[in-house]
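Accompanying notes for the structure given below.
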Amino acid sequence: MERTLCIIKPDAVKKKVQGSITQMILDAGFNIIGMKMLHLSKKQARKFYEVHKERPFYNDLVDFMTSGPVVTIALEKENAVADYRNLIGATDPAEAKDGTVRKLFANSKQENAVHGSDSVENGKIEVGFFFAESEL
Ligand code: ADP
Ligand code: MG
């Protein structure tokens, strides 16, 4: 079983669609093995998105991700990383396929409703960023 991390981002929590997004994830066959709502600190957001620190959107992304509460969800399923990326759709909602989470709920390329891990290795690392093994 693979693990992957979902973060329901501040734009989606503000719109009160965290329940709808969680239901889509469950309906797609994922097991939720951990879930918490939290307000990220700047330090946490900077660290989580460290791979993007040289990108022009990094500071705006950190501001956005700390603009309100998020819901972090640890997911488990066979082929979880790729299946979850298919469920959420492309980074830019204008390019996301019909029926995907981002197509349905994202506002823009930045405010795109959800995070998803990009590799099996990062799935493990990112779940570990928010959850101790004893919580899962
Ligand atoms: P993904 O979340 O699909 O894996 P990336 O890892 O490339 O996408 O980017 C991380 C996050 O940074 C995106 O989900 C989005 O919120 C933001 N982002 C990415 N590219 C841009 C951009 N060109 N302009 C503004 N925000 C962006
Ligand atoms: Mg990414």
Side-chain angles (χ1 to χ4, degrees):
M1 293 277 258
E2 273 175 30
R3 285 181 177 179
T4 194
L5 181 77
C6 162
I7 304 177
I8 302 179
K9 296 184 178 183
D11 59 315
V13 174
K14 271 187 201 110
K15 280 191 211 166
K16 302 192 175 185
V17 294
Q18 62 270 53
S20 304
I21 293 172
T22 304
Q23 192 62 53
M24 283 179 74
I25 291 168
L26 291 168
D27 290 345
F30 292 85
N31 294 321
I32 291 179
I33 59 169
M35 188 163 180
K36 48 178 92 156
M37 186 168 180
L38 65 165
H39 197 138
L40 296 179
S41 66
K42 297 265 179 198
K43 193 177 168 190
Q44 272 178 309
R46 276 191 217 109
K47 178 104 181 78
F48 185 78
Y49 281 114
E50 203 164 30
V51 301
H52 295 307
K53 69 173 185 289
E54 304 304 331
R55 310 279 286 275
F57 59 80
Y58 178 69
N59 285 327
D60 281 350
L61 178 60
V62 169
D63 287 346
F64 163 57
M65 289 300 291
T66 57
S67 67
V70 299
V71 180
T72 60
I73 312 179
L75 298 172
E76 202 168 66
K77 183 183 179 298
E78 274 174 34
N79 206 39
V81 172
D83 286 358
Y84 175 75
R85 295 289 309 196
N86 284 332
L87 179 70
I88 67 174
T91 307
D92 185 345
E95 288 161 22
K97 290 191 184 133
D98 283 349
T100 59
V101 173
R102 283 167 165 170
K103 181 73 171 194
L104 288 165
F105 299 115
N107 295 331
S108 66
K109 195 166 184 181
Q110 178 186 74
E111 297 191 7
N112 61 358
V114 283
H115 168 81
S117 308
D118 64 4
S119 67
V120 175
E121 196 197 350
N122 283 335
K124 279 187 220 154
I125 293 169
E126 290 181 355
V127 166
F129 189 92
F130 289 107
F131 298 92
E133 199 53 40
S134 59
E135 296 176 304
L136 298 171

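Just so you know, these numbers use all the heavy atoms, side chains as well, and skip hydrogens, waters and symmetry mates. Each ligand, and each atom within it, is numbered from 1 in the order the structure gives.
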TODO: Output yes when the distance from some N or O of ligand 1 to some N or O of Tyr49 is under 3.5 Å, and no in every other case.
DONE: no

Task: Identified side-chain contact (heavy atoms from CB on, under 4.5 Å) counterpart of Glu50 within the set Lys47, Glu54, His52 - done: Lys47

Task: Residue and atom name of the nearest protein heavy atom (relative to atom 17 (C) of ligand 1), distance in Å to one decimal - done: Leu61 CD1, 3.8 Å

TODO: Could you list which atoms of ligand 1 come closer than 4.0 Å to a heavy atom of Asn112?
DONE: 13 (C), 14 (O), 15 (C), 16 (O)

- [ ] Name the closest protein heavy atom to atom 19 (C) of ligand 1, giving the residue it belongs to and the distance to 0.1 Å.
- [x] Phe57 CZ, 3.5 Å

Task: Distance flag, aromatic centroids of Tyr58 and Tyr49, threshold under 6.0 Å - done: no

TODO: Would you name the heavy atoms of Ile33 and Leu75 that are closest together and state the gap between them?
DONE: CG1-N, 4.4 Å

TODO: Could you tell me whether Glu111 approaches ligand 1 through its side chain, its backbone, both or neither, with non-hydrogen atoms closer than 4.0 Å?
DONE: neither

Open item on the list: For atom 4 (O) of ligand 1, tell me which residue out of Lys9, His115, Met65, Arg85 has the closest non-hydrogen atom.
Closed with: Arg85

Task: Nearest-neighbour protein heavy atom for atom 16 (O) of ligand 1, which is reported as residue plus atom name and distance - done: Gln110 O, 2.8 Å

Task: Options Thr91, Asp60, Asp118, Ile7, ranked by nearest heavy atom to atom 1 (P) of ligand 1, top entry - done: Thr91

Task: Side-chain heavy atoms of Phe105 within contact of Asn112, under 4.5 Å - done: no

Open item on the list: Suppose I only count heavy atoms of Arg102 and a 4.0 Å limit; which atoms of ligand 1 are within that range?
Closed with: 1 (P), 2 (O), 3 (O), 14 (O)

Task: Side-chain heavy-atom pair Phe48, Leu61 within 4.5 angstrom cut-off - done: no

TODO: Taking all heavy atoms of Met24 and all of Thr100, pick out the closest pair and write down the distance.
DONE: CE-C, 4.3 Å

Open item on the list: Among all protein heavy atoms in this structure, tell me which lies nearest to atom 15 (C) of ligand 1, with the distance rounded to 0.1 Å.
Closed with: Lys109 O, 3.2 Å

TODO: Please examine the side chains of Ile7 and Val71, heavy atoms only from C-beta on, and report whether any two atoms are closer than 4.5 Å.
DONE: no

Task: Any N/O pair Arg55/ligand 1 closer than 3.5 Å - done: no

Task: Over all atoms of both residues, closest heavy-atom pair of Gln44 and Phe129 - done: O-CZ, 3.5 Å

Open item on the list: Tell me the protein heavy atom at minimum distance from atom 6 (O) of ligand 1, and give that distance in Å.
Closed with: His52 NE2, 3.0 Å

